[in-house]
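Below is one structure, written out as structure tokens, with a few remarks after it.
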Amino acid sequence: MIAGHNADAGQNHEHEKIERPPDSASGYTLAGVAAAEARIAADLELVAARLRPLVDPAHWRALILGGRYGLGEGGLRRRDGDWVPSDDYLFVVLVGATDPGQRHALRGRLAQLAAALASELGVGVAFAVRRVEHLPRAACSWLHAELGWRHRVLSGPPDALAALPRCAWSRLPLAESARRLLACGHGLLLNQERLAQPAPLDDTERGAFFHRVCAAVLAGGEARLALVGQAHPLRRVQLERLNALDLPHQAKFMELYRLAHAQAARLDPRAFAALPPRDWQARAVWLWRDALQRSEAQRLGQTPRGWEAYCRPFPGKGQQGGGLMRHLLLTAQLFGAREWVRHPGWSLRHPRERLLGALPLLLGDSHELLDPAVAAALALPRGADWRAASAAFLALWPRVA
């Protein structure tokens, strides 16, 4: 049986006062449906059992649940008459005494495991690898701030993340908003792939489809709060703070945000019956692009000159991760060393920036001609079509996100 310790990680390393989290949540979800809570606990047991053989015992330190379920704010949706998890499971695998080659190999194994578990469980699964010796100097990121607020240690010592510095939510870099939006934009691309098929959505597909719509809208709300230094992990606080904001297009945004917020605990696709799925997708994509444009304009100090210009190595997207040599190494691992010559500018960037640059253009009409900048960003030959580009994006996603 997994010991699901609720834990607060780290210490205050800021000069400002950092808000403390409330008492630890007793469950994984906002709704607290007993059958769903038991299902999630069983899922976590399965993940832990499948994971342990993939990590050398000499390197193993802990398995930690983060994300919405780690916060105790996970969502549910109906599938085959039962309430099932709707948000992704996010795990942090804490390791020690590893070299770069070992960590790269581990991430590859974890990506394969995540795909297999997602197919088996019907829930998105993601693993992040962290080195125990690097915890004291971990960067201020949304993931680390969220872990510092609340997490669940599933295997390992309850204080496994004690050395993780606490970072104030008001200090989160705006590049973190872009990364959060990228994750939800990935969901919108999955929606677009499904809309390209002629068959109507069945009941199960409708639940997944509208969950992705809501997730993108909620991420847009997080990005709006980050713009004014009011980011916060909890849904109810996000709603309170957004209600008090006066930003351009705020009324239009809040109309859809309140609907998404109301569906965060238990999603009911009937709430979206007023419009066909394609129209809801279009609204979500518009708001998603607007949120990304606002965030990047503030980060860069100027509004991007259109998405075609944004889909290039310069300007950078703020997704740095280990420096120039690491970016070159990742490029070679993903695309081969010849990519250094074919697209030298992209080779100097973290591969995640390729996805971030390409996605605003991919989230258009799937029958449009593919912009050559998208082909270059995704290391495709000139003349590649939208379907090839979408497939390349989705294949890269678990390896670099």
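Counting non-hydrogen atoms of neighbouring residues, nucleotides and ligands closer than 6.0 angstrom, the CD atom of Gln302 reaches no more than 12 such neighbours.
Between Asp203 and Pro269 there is no side-chain heavy-atom pair separated by less than 4.5 Å. Within the 4.5 Å cutoff, no side-chain heavy atoms of Leu292 are placed close to those of Arg289. Looking only at side-chain heavy atoms (C-beta outward), Val123 and Pro85 come within less than 4.5 Å of each other. Looking at Ser177 and Trp142, their side chains never come closer than 4.5 Å, going by heavy atoms from C-beta outward. The closest side-chain heavy-atom distance from Leu356 to Leu181 is not below 4.5 Å. Considering only heavy atoms from C-beta on, Leu195 stays 4.5 Å or farther from Gln192 through its side chain. Residues Asp371 and Cys311 fail the side-chain proximity criterion, which asks for heavy atoms closer than 4.5 Å. A 4.5 Å side-chain heavy-atom check between Tyr69 and Leu44 finds every atom pair outside the cut-off.
At a threshold of 4.0 Å, the pair Glu222-Arg241 does not count as salt-bridged, since none of the basic side-chain nitrogens sits closer than that to a carboxylate oxygen. Taking 4.0 Å as the cut-off between side-chain N and carboxylate O, Arg294 and Asp290 count as a salt-bridged pair. A salt bridge is defined here as a Lys NZ or Arg NE, NH1 or NH2 lying under 4.0 Å from an Asp or Glu carboxylate O, and Arg77 with Asp82 fails to meet this definition.
Both tests do not hold together for Arg107 against Phe127: distance to the six-membered ring centre under 6.0 Å, angle to the ring axis within 45°. Geometrically, Arg52 engages Trp60 in a cation-pi contact, judged by NZ or CZ lying under 6.0 Å from the ring centre and within 45° of the ring axis. A cation-pi arrangement is present between Arg354 and Phe335 under the rule of less than 6.0 angstrom and at most 45 degrees off the ring axis. Cation-pi geometry between Lys252 and Tyr257 is not satisfied (NZ or CZ under 6.0 Å from the ring centre, within 45° of the ring normal).
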>> Does Leu234 form a side-chain contact (heavy atoms from CB on, under 4.5 Å) with Trp149? I'd like the steps, not just the answer.
In response: CA-CA 10 Å; Leu234 301 185; Trp149 183 266; 3.8 Å; yes

> Passes salt bridge (charged side-chain N to carboxylate O under 4.0 Å, His left out), Asp202 versus Arg206? Steps please.
Replying inline: CA-CA 6 Å; Asp202 62 29; Arg206 285 179 66 83; over 6 Å; no

> After noting the C-alpha distance and the side-chain angles of Leu378 and Leu362, does the key distance pass the side-chain contact (heavy atoms from CB on, under 4.5 Å) rule?
Replying inline: CA-CA 11 Å; Leu378 299 177; Leu362 282 177; 4.3 Å; yes

> Stepwise, does the side-chain contact (heavy atoms from CB on, under 4.5 Å) test hold for Asp87 with Glu73?
Replying inline: CA-CA 10 Å; Asp87 293 298; Glu73 284 204 340; over 6 Å; no

> Does the side-chain hydrogen bond (donor to acceptor under 3.5 Å, both in side chains) test come out yes or no for Arg130 and His144, once each step is laid out?
Replying inline: CA-CA 11 Å; Arg130 293 294 184 270; His144 295 157; 3.0 Å; yes

> Please walk me through it: do Leu117 and Asp43 pass side-chain contact (heavy atoms from CB on, under 4.5 Å)?
Replying inline: CA-CA 9 Å; Leu117 287 169; Asp43 286 352; over 6 Å; no

> Can you list the steps and then say if His327 with Trp340 is a ring pair (Phe, Tyr, Trp, His ring centres under 6.0 Å)?
Replying inline: CA-CA 10 Å; His327 298 165; Trp340 296 343; over 10 Å; no

> Where do Glu120 and Arg50 land on the salt bridge (charged side-chain N to carboxylate O under 4.0 Å, His left out) test, with the steps shown first?
Replying inline: CA-CA 12 Å; Glu120 181 176 350; Arg50 298 278 181 86; 2.9 Å; yes

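Side-chain polar atoms of Glu37 and Thr29 form a donor-acceptor pair below 3.5 angstrom. Residues Gln319 and Arg349 have side chains that never bring a donor and an acceptor to within less than 3.5 angstrom of each other. In this structure, a donor-acceptor pair under 3.5 Å is absent between the side chains of Arg79 and Thr204. There is no side-chain donor-acceptor pair under 3.5 Å between Arg212 and His186. For the residue pair Ser390 / Glu193, a side-chain donor-acceptor distance below 3.5 Å is found, with atom types taken as modelled.
Using a 30° and 60° split on the angle between ring planes, His249 and Trp286 fall in the perpendicular class, above 60°. Ring-plane geometry between Tyr310 and Trp307 is classed as perpendicular, the angle between the planes exceeding 60 degrees on a 0 to 90 degree scale with a lower cut at 30.
A donor-acceptor pair under 3.5 Å is absent between the side-chain atoms of Ser295 and the main chain of Ala223, judged by distance alone. For Arg68 (side chain) and Gly74 (main-chain N/O), no donor-acceptor pair under 3.5 Å exists by modelled atom type. With Asp88 contributing its side chain and Leu90 its backbone, the two residues share no donor-acceptor pair below 3.5 Å. With His343 contributing its side chain and Gly345 its backbone, the two residues share no donor-acceptor pair below 3.5 Å.
Between Glu133 and Val95 the shortest heavy-atom distance is OE1-O, 4.1 Å. The two residues Val84 and Arg39 make their nearest non-hydrogen contact at CG1-NH1, 3.6 Å.
Sorted by first and then second residue, the pairs that involve residues 265-274 and meet side-chain hydrogen bond (donor to acceptor under 3.5 Å, both in side chains), not counting sequence neighbours, are Asp268-Arg270.
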